[in-house]
Amino acid sequence: MSSDRVTVRAPATVANLGSGFDVFGIALHDPFDLIEAKRTSERGVRVEKVEGMGAHAVTLEHTKNTAAVAAAKVLEMGKADFGLTLHIKKGIRPCSGMGSSGAGAAGGAFAANLFLEKPLPMDQLLFAAAKGEEASSGSFHADNCGPSLYGGFTIIRSYDPLEIVRVNPPKNLGIVAALPGFAVPTREARKVLPKHVDLKDFIFQIGQASSFVAGMANNDIGLVARSVKDRIIEPARTPLIPHLQEAEEAAKRAGAMASFLGGSGPCICSFYDLDKVDGSVVGTAVQNLYENRGIECLCWVTTWGEGCRKESK
Ligand code: HSE
């Protein structure tokens with residue numbers, strides 16, 4: 001690479017998508033993080049600065065910052081004899097359920113790869129990004145960093161070996177991501193999950209998840225929307241998210257086809273038909289619900305998007 005500096009746009013994502021806990025994820029068009037990486041002659045990855053939304057909650061510590069861990073992994077795998085400094089501009093609030101740490105990890109891995117003489121293939125970048133995610137959440141999961149890297153709708157087919165499948169979602173899939181003004185750390189949201197699952201719920205969940213994939217692959221937004229029901233994970237997390245069920249009902253009354261907890265929350269994600277509904281009405285309904293209860297609520301009315309990419313200057 002000729003330049004010693006590169007900026008990468010890493011999109012927000014929503015994981016789980018109702019029925020696909022730790023397996024499904026989708027990249028959003030907005031918001032996104034920007035990760036500027038600068039080559040240094042000394043080895044190692046250093047985080048110089050983090051600014052933007054919720055930046056105070058993002059560590060500069062290079063062994064814990066997801067972008068730094070993922071970038072360092074890529075440099076190690078690519079046998080680089082140089083290092084990087086990172087400057088992170090957060091557009092995605094941490095602890096939001098919108099893949100803040102996953103975007104950092106994907107963006108860090110993607111940026112580091114641009115400096116390698118022989119760039120690594122995408123599956124190795126995914127592994128490096130999942131290592132970055134592990135440093136922050138404590139668990140090796142790729143359902144956020146996967147879609148942030150690859151774009152579109154992604155399925156983690158297997159964790160060992162790590163393999164991802166990308167599917168293009170329906171063109172008319174609109175997404176509203178509403179973010180109430182409180183934080184839910186993924187670590188905490190995983191502690192409340194059941195250790196055992198009833199066979200009936202397991203069967204129900206397989207039916208939902210399989211139909212969800214068929215709907216995504218066959219451009220059938222109606223089938224997608226009917227297939228987000230989750231009897232295992234969201235019910236366990238509902239007590240952590242004030243007004244979750246009311247918010248989902250408000251979104252559906254305003255025209256959403258489906259509404260569910262985004263990732264580990266507190267994001268409330270709604271699907272709507274871009275050709276038929278004004279997504280801002282859905283967003284305003286959820287915002288009003290929270291604001292009437294004294295809780296601020298941000299909102300992105302967006303659609304699915306592509307994965308990490310280099311920003312042109
Ligand atoms: N699949 C993860 C979880 C995603 O739900 O814990 C975290 O956003």
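First listed ligand is number 1; within each ligand, the first listed atom is number 1.
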Exercise. How far is atom 3 (C) of ligand 1 from its nearest protein heavy atom, and which residue and atom is that?
Worked result: Arg190 NH1, 3.3 Å
Exercise. Charged N to carboxylate O under 4.0 angstrom, Asp220 versus Arg226?
Worked result: no
Exercise. Quick one: do Glu311 and Arg5 make a salt bridge, cutoff under 4.0 Å?
Worked result: no
Problem set entry | Per-atom contacts of ligand 1 with Gly263, taking only distances under 4.0 Å to non-hydrogen atoms | 5 (O), 8 (O)
Exercise. Side chain or backbone of Asn144 under 4.0 Å from ligand 1, or both, or neither, by non-hydrogen atoms?
Worked result: side chain
Problem set entry | Gap between atom NZ of Lys90 and atom CD1 of Ile88 - 0.5 Å precision | 7.0 Å
Exercise. What part of Arg237, side chain, backbone, both or neither, has a heavy atom within less than 4.0 angstrom of ligand 1?
Worked result: side chain
Exercise. Taking 4.0 angstrom as the limit, do Lys131 and Glu133 come out as a salt bridge?
Worked result: no
For this session: For Thr186, counting its heavy atoms only, list the atoms of ligand 1 lying under 4.0 Å from any of them.
Result: 6 (O), 7 (C)
Exercise. Does the N or O separation between Asn16 and ligand 1 drop below 3.5 Å for any pair?
Worked result: yes
For this session: May I ask you to identify, for Asp22, whether its side chain, its backbone, both or neither come under 4.0 Å of ligand 1 on a heavy-atom basis?
Result: both
For this session: Would you give the length of the straight line joining atom CZ of Arg253 to atom CD of Glu246, rounded to the nearest 0.5 angstrom?
Result: 9.0 Å
Problem set entry | Flag side-chain contact, heavy atom, 4.5 Å: Glu249 against His243 | no
